[in-house]
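Read the structure below first, then the notes.
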Amino acid sequence: MKRTHTCGELSTKHLGETTTLCGWVDTVRDHGGIIFIDLRDRYGITQVVCDPDDSAAATEIAKSTRSEYVIQVKGAVRARPADMVNKRLATGDIEVVGTEVTVLNTSRTPPFPLDEDKASKVHEELRLESRYLDLRRPSVQRGLILRHKMAISVRKYMDSLDFVEVETPILTKSTPEGARDYLVPNRVTPGTFYALPQAPQQYKQLLMVGGMDRYFQLARCFRDEDLRADRQPEFTQIDVEMSFVDAEDLYGVIDGLLASVMESSGHPRPELPLPRMSWHEAMERFGSDKPDLRFGWELQDLGGVFADTDFKVFGKVLQGGGVIKAINCKGLAGVPIRQIDEWTELAKTHGMGGLAFIRVQEDGTWKSPIVKFFSETEIEALRGKLDIETGDLVLFAAESAKNVNPFLGKLRLEGAHLAGIIPKDAFKFTWVTEFPLFEETDGGRLVSMHHPFTSPLPEDVPLLETDPGKTRAVAYDIVLNGVELGSGSIRIHDPVQQGKMFDLLRVSAEEKESRFGHLLKALAYGAPPHGGIALGFDRLALLMAGGKTIRDVIAFPKNHKGIDLMMDAPSTVDAKQLHDVHIQLDLPPVLED
RNA sequence: GGGGUCUUAGCUCAAUUGGUUAGAGCGCCGGCCUGUCACGCCGGAGGUUGCGGGUUCAAGUCCCGUAGAUCCCGCCA
């Protein structure tokens with residue numbers, strides 16, 4: 001046995017016991033005679049003392065050790081003198097008297113400091129190049145352990161509700177809609193390709209047709225799109241599908257799931273059921289389909305206030321069927337004019353003529369280019385509706401609701417960040433329900449907002465014939481702190497209705513057959529009513545860990561361009577490998593010096 | 001595909017208006033030190049200022065290009 005204890009478990013309970021510890025040298029403090037070594041492993045840090053009076057040989061070896069050497073130390077556990085207890089260490093009451101020290105491995109000097117304060121300031125690029133060293137930091141290990149705890153809690157909870165985890169293929173069929181696929185050439189049939197799954201969408205529906213009733217999976221998914229701080233080319237979803245349910249049943253299951261995950265991550269259990277609002281309400285009140293409910297500043301409709309206004313700009317918009325809305329950015333009256341200019345530019349890109357505002361100055365007067373056009377009644381109505389006080393900045397938008405809401409939603413978030421009013425330790429969940437079934441492309445074509453298997457809201461089915469653009473879907477997102485955690489829907493289980501859906505989406509008969517033939521066929525063999533959801537597991541872990549980027553909760557993440565800096569992947573391959581899979585390269589020309 | 005920011009010692013950063021031999025802290029190496037825990041003290045090594053070109057008597061600093069990183073927009077049913 002190389003060790004009897006870990007570096008995190010010894011305490012005054014072990015006084016006098018002879019122990020053997022293994023770990024990495026965190027720091028060495030050499031006092032000329034006596035030497036202290038902080039020995040570190042995943043479990044903690046234990047101080048080892050080597051004294052030439054106890055063992056000259058051990059002290060000599062201790063003297064030769066350096067940071068990140070791997071050593072084994074044998075010795076007795078001893079209480080520290082009362083005034084030398086280290087309260088910052090879990091093992092700070094004791095120390096191990098090193099009487100036998102063995103160097104198990106030496107180490108080159110690390111390319112960046114591994115202690116927490118300094119490492120967190122080092123360029124991430126450098127840390128990712130040597131991720132195996134970065135992983136030695138307790139904070140990184142905590143992230144991975146948290147992720148593990150979450151995964152365990154998901155599996156336990158889902159199992160307790162009779163869900164079965166089923167693995168679905170990684171080598172699958174390319175589906176051109178949605179994200180770009182990662183392709184895998186097929187050696188056996190030249191010219192054909194597998195695709196890596198963007199999500200196990202069709203498989204999980206087919207599992208329902210197969211009578212599995214309740215399925216889940218911690219599923220790896222792959223999307224070949226440009227990345228963001230919260231996006232990786234490969235990621236993990238908690239994928240869920242259930243038979244014989246309506247949306248209500250699903251909310252219940254996921255509410256409980258999220259509550260267990262919160263608990264397993266050391267956070268308070270949220271009150272259930274989690275709040276809900278319709279997509280329409282979210283857009284009207286928060287200007288976003290993923291509202292951040294950690295603060296107020298809701299969008300206020302001022303159509304009533306300005307119904308008979310003399311202010312021509314507002315009057316014209318109202319007459320044209322547009323809306324006047326505003327938000328009150330509490331305490332932001334002092335923002336530099338430069339900021340308002342920037343927001344005015346943003347307003348123009350959102351289809352607005354400009355951005356009207358009121359800054360409420362110290363003396364209570366309103367500084368604004370438009371207030372002079374308002375009547376006394378309008379001013380008083382404004383003050384009441386928006387709760388306008390000294391120090392406030394009120395921002396107005398007047399245009400179509402379709403443009404105004406997202407624009408003010410954006411300002412609401414930016415302003416709140418500027419004002420620093422978003423509580424850091426709050427967890428505000430909400431369901432956003434009744435998403436539109438379709439969205440319109442620039443060309444006026446309808447495309448699925450969620451995916452083409454999404455069921456329309458029963459009472460909106462007649463709209464499919466008359467005004468399909470207005471149809472709402474039984475589709476929902478679960479949102480936490482303004483982040484979309486997951487998205488799902490009740491599916492269409494009737495092949496005739498599914499066929500109609502493809503018609504509305506103008507999917508040709510050939511496409512229908514080649515891409516979705518298997519699904520349509522399966523639906524025709526007694527598909528049960530079913531629905532599900534997929535939650536972004538990495539994103540959830542990030543929020544639970546309170547980290548900054550999704551890379552904090554992934555052991556071996558890829559950088560912004562999808563490159564694994566440690567493995568140096570992707571890379572070129574041998575001509576023979578290409579030949580085997582019938583691939584010929586057609587590379588863009590390289591500029592010569 | 002587009003935009004912002006960044007690149008100086010192993011790491012984090014500094015270097016006035018373009019002006020002497022490019023500095024500091026940490027780390028590293030050596031020496032001293034028997035109760036430290038950010039140990040302390042003394043000494044030392046370490047630089048193609050990302051790369052290429054240009055302007056200038058003179059470029060880390062200004063200009064052009066390029067590479068890499070990072071954040072955002074587009075994209076992500």
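Lettering follows sequence order; numbering is per chain, from 1. All values reported here derive from a predicted model rather than from experimental measurement.
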Using the [atom1] atom as the reference point in each nucleotide, state the distance between [N] and [M] in Å, no decimals.
N     : M     : atom1 : answer
B:C39 : B:U17 : C1'   : 45 Å
B:U34 : B:C28 : C1'   : 25 Å
B:C41 : B:G53 : P     : 46 Å
B:G10 : B:U21 : C1'   : 23 Å
B:G40 : B:C26 : C1'   : 16 Å
B:G25 : B:A15 : C1'   : 15 Å
B:U55 : B:G47 : C1'   : 25 Å
B:A9  : B:U48 : C1'   : 13 Å

Donor-acceptor pair present, [X] side chain and [N] base, under 3.5 Å:
X      : N     : value
A:E125 : B:U70 : no
A:R78  : B:G35 : yes
A:R80  : B:C37 : yes

I need the [atom1]-[atom2] distance between [X] and [N], as an integer number of Å.
X      : N     : atom1 : atom2 : result
A:F36  : B:A38 : CZ    : C1'   : 15 Å
A:I34  : B:C37 : CD1   : C1'   : 12 Å
A:I45  : B:U36 : CD1   : C1'   : 14 Å
A:R40  : B:C37 : CZ    : P     : 19 Å
A:R88  : B:U36 : CZ    : P     : 14 Å
A:R108 : B:C29 : CZ    : P     : 13 Å
A:D26  : B:C26 : CG    : C1'   : 15 Å

[N] - base-pair partner by Watson-Crick or wobble geometry, distances under 3.5 Å:
N     : value
B:U36 : none
B:C6  : B:G68
B:C62 : B:G54
B:C41 : B:G31
B:G1  : B:C73
B:U12 : B:A24

- Phosphate OP1/OP2 of B:U36: any A:N86 side-chain N/O under 4.0 Å: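 Checking B:U36 against A:N86, no side-chain N or O comes under 4.0 Å of OP1 or OP2.
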- Strictly by modelled atom types, are A:R515 and A:Q202 linked by a side-chain donor-acceptor pair under 3.5 Å?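 Looking only at side-chain atoms, A:Q202 and A:R515 do not form any donor-acceptor pair under 3.5 Å.
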- Answer with yes or no whether the side chains of A:D181 and A:S174 bring together a donor and an acceptor at under 3.5 Å.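 Yes, A:D181 and A:S174 have a side-chain donor paired with an acceptor closer than 3.5 Å.
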Generate the contact string for [range]. Rules: B means base contact, S means sugar-phosphate contact only, - means no protein heavy atom under 4.0 Å.
range                        : value
nucleotides 71-76 of chain B : BSBBBB
nucleotides 39-48 of chain B : B---------
nucleotides 4-11 of chain B  : ------SS

- Message: Could you measure the distance from the CZ atom of A:F435 to the OG atom of A:S487? Nearest 0.5 Å is fine.
- Response: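 Nearest 0.5 Å value for the CZ-OG distance: 6.5 Å.
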- Message: Can you tell me how far apart CD (A:E399) and CZ (A:F407) are? Round to the nearest 0.5 Å.
- Response: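 Those atoms lie 11.0 Å apart.
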Less than 4.0 angstrom from a charged side-chain N to a carboxylate O is my criterion; do [X] and [Y] meet it?
X      : Y      : answer
A:E68  : A:R136 : yes
A:D30  : A:K63  : yes
A:R131 : A:D564 : no

Does any non-hydrogen side-chain atom of [Y] lie less than 4.5 Å from one of [X]?
X      : Y      : value
A:R228 : A:H560 : no
A:K558 : A:I563 : no
A:D341 : A:W343 : no
A:M449 : A:W279 : yes

- A:V77 pairs by side chain to side chain contact (heavy atoms under 4.5 Å, CB included) with which of A:L15, A:V97, A:T91?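 Of the listed options, the one satisfying the test is A:L15.
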- Using a cut-off of 4.0 Å on non-hydrogen atoms, how would the nucleic acid contact of A:E116 be classed: base, sugar-phosphate, or nothing?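 Nothing: the residue A:E116, judged by heavy atoms under 4.0 Å, touches no strand.
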- Task: With heavy atoms under 4.0 Å as the rule, sort A:D115 into base, sugar-phosphate or nothing.
- Result: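 Result for A:D115 = nothing.
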- Message: Please compare A:V49 and A:P452 by the position of their nearest nucleotide in RNA chain B and report the one closer to 5'.
- Response: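 Its nucleotide being nearer the 5' end, the pick is A:V49.
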- Assess the pair A:H5 and A:Y43: is the distance between their ring centroids shorter than 6.0 Å?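 That pair fails the under 6.0 Å test.
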- Task: Determine yes or no for a side-chain-to-main-chain donor-acceptor pair under 3.5 angstrom, with A:R180 supplying the side chain and A:D224 the backbone.
- Result: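 Yes; judged by distance alone, with no hydrogens or angles, the pair exists.
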